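What follows is a set of notes on a single structure, which appears directly below.
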Amino acid sequence: MTIFSKILAGQIPCHKLYEDAHVLAFLDIKPIARGHTLLIPKEPAVTLDALSDDAAAAIGRALPKVCRAVMKATGATSYNVLQNNGAAAHQAVFHVHFHIIPVLEGRQLGIAWDAAASDQALDTVLARQIATLLG
Ligand code: AMP
């Protein structure tokens, strides 16, 4: 059982921002910036790819709404949405969650964007492979 399942079960407290039948939003306990929010599905999927279509749709519906409220309440005009999957990708709580992180008061998500030139031949093969998997 993850800490987020315990929050969903009411076993540990949170600063709740929004709840419907499928999702819960609450303040992150260690915020990068004021108003740093987590939006989670009630379905206990570990990573985004494991989420059911219904839970994914519910997250998709709630996400912009929660972003709007966080931005309005904090006065931020820029923000990042971050979603980590797997320990190597900095996931620490193994229950799907979206971070909504305002840019405020000189604080914001740090991003190391180590981009490389694309390989057109590789990308042609890869794009075909992924597109086939997607049907
Ligand atoms: P991640 O690295 O994407 O798995 O992020 C997990 C996030 O959960 C971190 O930002 C933590 O600060 C946050 N977190 C962990 N426990 C709690 C809690 N009890 N209430 C609110 N946020 C939490």
Side-chain angles (χ1 to χ4, degrees):
M1 194 182 205
T2 70
I3 194 120
F4 293 168
S5 292
K6 289 182 182 162
I7 288 175
L8 285 168
Q11 291 169 3
I12 58 170
C14 71
H15 289 288
K16 190 200 298 191
L17 307 178
Y18 176 76
E19 183 172 18
D20 66 22
H22 301 284
V23 307
L24 176 72
F26 51 96
L27 291 178
D28 195 295
I29 205 165
K30 281 189 169 175
I32 287 176
R34 190 166 51 83
H36 182 163
T37 292
L38 298 174
L39 174 65
I40 68 172
K42 292 188 173 177
E43 185 177 284
V46 173
T47 52
L48 189 60
D49 51 280
L51 209 53
S52 70
D53 284 354
D54 282 350
I59 283 279
R61 263 195 310 274
L63 191 52
K65 178 158 57 179
V66 175
C67 290
R68 281 192 290 273
V70 171
M71 294 316 108
K72 196 162 186 184
T74 60
T77 53
S78 296
Y79 63 100
N80 294 97
V81 173
L82 173 71
Q83 203 277 312
N84 298 327
N85 298 281
H90 301 286
Q91 184 177 12
V93 178
F94 294 98
H95 180 127
V96 170
H97 52 282
F98 286 75
H99 296 259
I100 299 157
I101 309 170
V103 177
L104 268 177
E105 295 137 9
R107 299 189 59 83
Q108 68 182 99
L109 175 68
I111 301 177
W113 197 279
D114 188 14
S118 58
D119 178 323
Q120 292 305 309
L122 264 182
D123 279 359
T124 300
V125 174
L126 187 59
R128 196 179 308 128
Q129 190 184 357
I130 296 170
T132 302
L133 287 167
L134 287 169

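Quick caveat, the model's predicted, so the values are computed rather than measured.
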Heavy-atom pair of closest approach, residues [X] and [Y]:
{"X": "Leu48", "Y": "Val96", "value": "N-CG2, 3.6 Å"}
{"X": "Ala76", "Y": "Pro102", "value": "CB-CB, 3.7 Å"}
{"X": "Ile7", "Y": "Pro13", "value": "CG1-O, 4.3 Å"}
{"X": "Val70", "Y": "Gly35", "value": "CG1-O, 3.5 Å"}
{"X": "Ala87", "Y": "Phe94", "value": "N-CE2, 4.0 Å"}
{"X": "Cys67", "Y": "Tyr79", "value": "SG-CE1, 3.5 Å"}

Under 4.5 Å between side-chain heavy atoms, counting indirect links through other Ile/Leu/Val/Met/Phe/Trp/Tyr residues: same cluster for [X] and [Y] or not?
{"X": "Tyr18", "Y": "Phe98", "value": "yes"}
{"X": "Val81", "Y": "Ile59", "value": "yes"}
{"X": "Met71", "Y": "Leu104", "value": "no"}
{"X": "Ile29", "Y": "Ile3", "value": "no"}

Approximate separation, where rounding is to 0.5 Å, of [X] [atom1] and [Y] [atom2]:
{"X": "Leu63", "Y": "Gln83", "atom1": "CG", "atom2": "CD", "answer": "10.0 Å"}
{"X": "Asp28", "Y": "Ile100", "atom1": "CG", "atom2": "CD1", "answer": "11.0 Å"}
{"X": "Glu19", "Y": "Leu24", "atom1": "CD", "atom2": "CG", "answer": "5.0 Å"}
{"X": "Asp123", "Y": "Arg128", "atom1": "CG", "atom2": "CZ", "answer": "12.0 Å"}

Original post:
Under 6.0 Å from the CG atom of Asp119, do we count more than 12 heavy atoms belonging to anything else shown?
Top reply: yes

Subject >> Side-chain touch Asn80/Ile111, heavy atoms, less than 4.5 angstrom >> reply: yes

Subject >> Any donor-acceptor N or O pair under 3.5 Å, side chains Gln91, Thr47 >> reply: no

Original post:
Hey, mind stepping through Glu43 and His22 against side-chain contact (heavy atoms from CB on, under 4.5 Å) and telling me if it holds?
Top reply: CA-CA 7 Å; Glu43 185 177 284; His22 301 284; over 6 Å; no

Original post:
Pick from Leu8, Val23, Val93: which one makes a side chain to side chain contact (heavy atoms under 4.5 Å, CB included) with Ile40?
Top reply: Leu8

Subject >> Partner of His99 under side chain to side chain contact (heavy atoms under 4.5 Å, CB included), chosen from Thr37, Leu38, Leu39, Ile32 >> reply: Leu38

Original post:
Just by modelled atom types, is the Ala55 backbone N or O under 3.5 Å from a matching donor or acceptor in the Lys42 side chain?
Top reply: no

Subject >> His95 ring center near His97 ring center (under 6.0 Å) >> reply: no

